[in-house]
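So the structure is just underneath, and the comments pick up after that.
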Amino acid sequence: MVDITHKNPTLRTAVAEALVCLSDPETLKAIEEDRVPKGNVYEMSRAAGLLGIKKTPDLLPDCHPLPIEAARVDYQTDGLEIRIRVTVKTIYKTGVEVEAMHGASVVALNLYDMLKPLDKGIEIRKIRLLEKRGGKSDILVK
């Protein structure tokens, strides 16, 4: 792990997204009508994402354990695409961009797992960092 003992704690924020593409309009209708056999897709996936964020240092050996001060999972649909946006905040010595991307990945995988009985053509696309603030550098991707 990188030595961060010399760094000062600052507010660190990261926003990441993942895109889940459905192949059948009936799948989106089942989500919207809460008819997916495995349960409420958005709430179960949100819970999975929050666990993913918190467990990041358990799975990625160079990630520092850090306090997660805030985490949020939002969804936006556009046709058959579900855009997942994960925001993570902490006041610490290192950033939370990996935690945000890991959270977005876990949300996408949970969506896939819950929807695969209904839709065999689901794809997970483009997991990426949108924004990173705090520390030495800020990154804003549009």
Side-chain angles (χ1 to χ4, degrees), residues 1-25 27-32 34-142:
M1 290 171 69
V2 174
D3 183 355
I4 60 170
T5 57
H6 63 283
K7 291 185 173 186
N8 293 319
T10 62
L11 176 60
R12 312 291 183 122
T13 303
V15 181
E17 76 172 6
L19 190 62
V20 174
C21 300
L22 308 174
S23 69
D24 185 352
T27 306
L28 185 59
K29 191 173 178 183
I31 294 169
E32 291 169 348
D34 200 16
R35 293 186 291 105
V36 175
K38 290 188 173 187
N40 186 295
V41 172
Y42 290 139
E43 290 308 312
M44 291 289 289
S45 298
R46 182 183 325 276
L50 295 175
L51 286 171
I53 291 164
K54 293 176 183 182
K55 294 293 187 181
T56 300
D58 293 342
L59 298 171
L60 302 174
D62 281 337
C63 286
H64 292 82
L66 47 77
I68 301 298
E69 307 287 345
R72 180 180 173 136
V73 177
D74 295 298
Y75 303 99
Q76 180 182 5
T77 57
D78 182 14
L80 293 179
E81 295 180 344
I82 302 171
R83 187 171 308 278
I84 301 155
R85 182 170 282 204
V86 174
T87 304
V88 181
K89 295 181 182 180
T90 190
I91 298 173
Y92 199 63
K93 298 177 179 191
T94 189
V96 287
E97 60 270 23
V98 173
E99 286 78 4
M101 288 190 292
H102 187 235
S105 301
V106 171
V107 172
L109 285 167
N110 197 77
L111 279 167
Y112 179 91
D113 180 57
M114 291 185 75
L115 296 172
K116 67 185 177 190
L118 303 177
D119 190 340
K120 302 299 183 204
I122 299 171
E123 293 182 10
I124 297 172
R125 299 182 186 160
K126 197 187 285 188
I127 297 163
R128 67 182 183 142
L129 180 67
L130 295 177
E131 181 180 324
K132 171 189 175 292
R133 293 184 179 269
K136 288 191 295 187
S137 63
D138 288 345
I139 298 170
L140 298 172
V141 179
K142 294 290 175 182

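When side chains are defined from C-beta on, Leu115 counts as touching Val41, because their heavy atoms get closer than 4.5 Å. At least one side-chain heavy atom of Met44 sits under 4.5 Å from a side-chain heavy atom of Asn110. Inter-residue side-chain proximity for Val88 and Thr90 is flagged as unmet; no heavy-atom pair is nearer than 4.5 Å. With contacts defined as side-chain heavy-atom distances shorter than 4.5 Å, the pair Lys126/Cys21 does not qualify. Residues Leu118 and Pro37 have side chains in contact (heavy-atom distance under 4.5 Å, counting atoms from C-beta outward). For the pair Lys116/Lys38, a side-chain contact is recorded, criterion being any heavy-atom separation below 4.5 Å from C-beta on. Side chains of Arg85 and Val15 form a contact here, defined as non-hydrogen atoms less than 4.5 Å apart. Using a 4.5 Å heavy-atom cutoff, the side chains of Met114 and Ile31 are not in contact.
Taken to the nearest 0.5 Å, the OG atom of Ser45 stands 11.0 Å off from the CG atom of Leu50. Residue Leu80 holds its CG atom at 10.5 Å from CD1 of Ile122, rounded to the nearest 0.5 Å. Rounded to the nearest 0.5 angstrom, Lys89 NZ and Glu99 CD are separated by 15.5 Å. Note that CD of Gln76 is 12.0 Å distant from CD1 of Ile84, once rounded to the nearest 0.5 Å. With values rounded to the nearest 0.5 angstrom, Lys29 atom NZ is found 12.0 Å from Thr27 atom OG1. Within the model, atoms CD of Glu97 and CZ of Arg128 stand 15.5 Å from one another, a figure rounded to the nearest 0.5 Å.
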Less than 3.5 Å apart, which donor and acceptor atoms pair up between the side chains of residues 67-75 and the rest of the protein, not counting sequence neighbours?
| from | atom 1 | to | atom 2 | distance (Å) |
| --- | --- | --- | --- | --- |
| Arg72 | NE | Asp74 | OD1 | 3.0 |
| Arg72 | NE | Asp74 | OD2 | 2.7 |
| Arg72 | NH2 | Asp74 | OD1 | 3.2 |
| Tyr75 | OH | Tyr42 | O | 2.8 |
| Tyr75 | OH | Arg46 | N | 3.1 |

In residues 54-62, what donor-acceptor pairs under 3.5 Å come from side-chain atoms, sequence neighbours left out?
| from | atom 1 | to | atom 2 | distance (Å) |
| --- | --- | --- | --- | --- |
| Thr56 | OG1 | Gly52 | O | 2.9 |
| Thr56 | OG1 | Ile53 | O | 3.1 |
| Thr56 | OG1 | His102 | ND1 | 2.9 |

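Residues Lys93 and Thr5 share a closest heavy-atom pair of NZ-O, 3.4 Å. The shortest non-hydrogen separation linking Arg12 to Val96 is O-CG2, 3.9 Å. The two residues Asp119 and Asp24 come nearest to each other via the heavy atoms OD2-N, 3.2 Å. For Cys63 against Val98, the heavy-atom pair with the smallest separation is SG-CG1, 3.6 Å.
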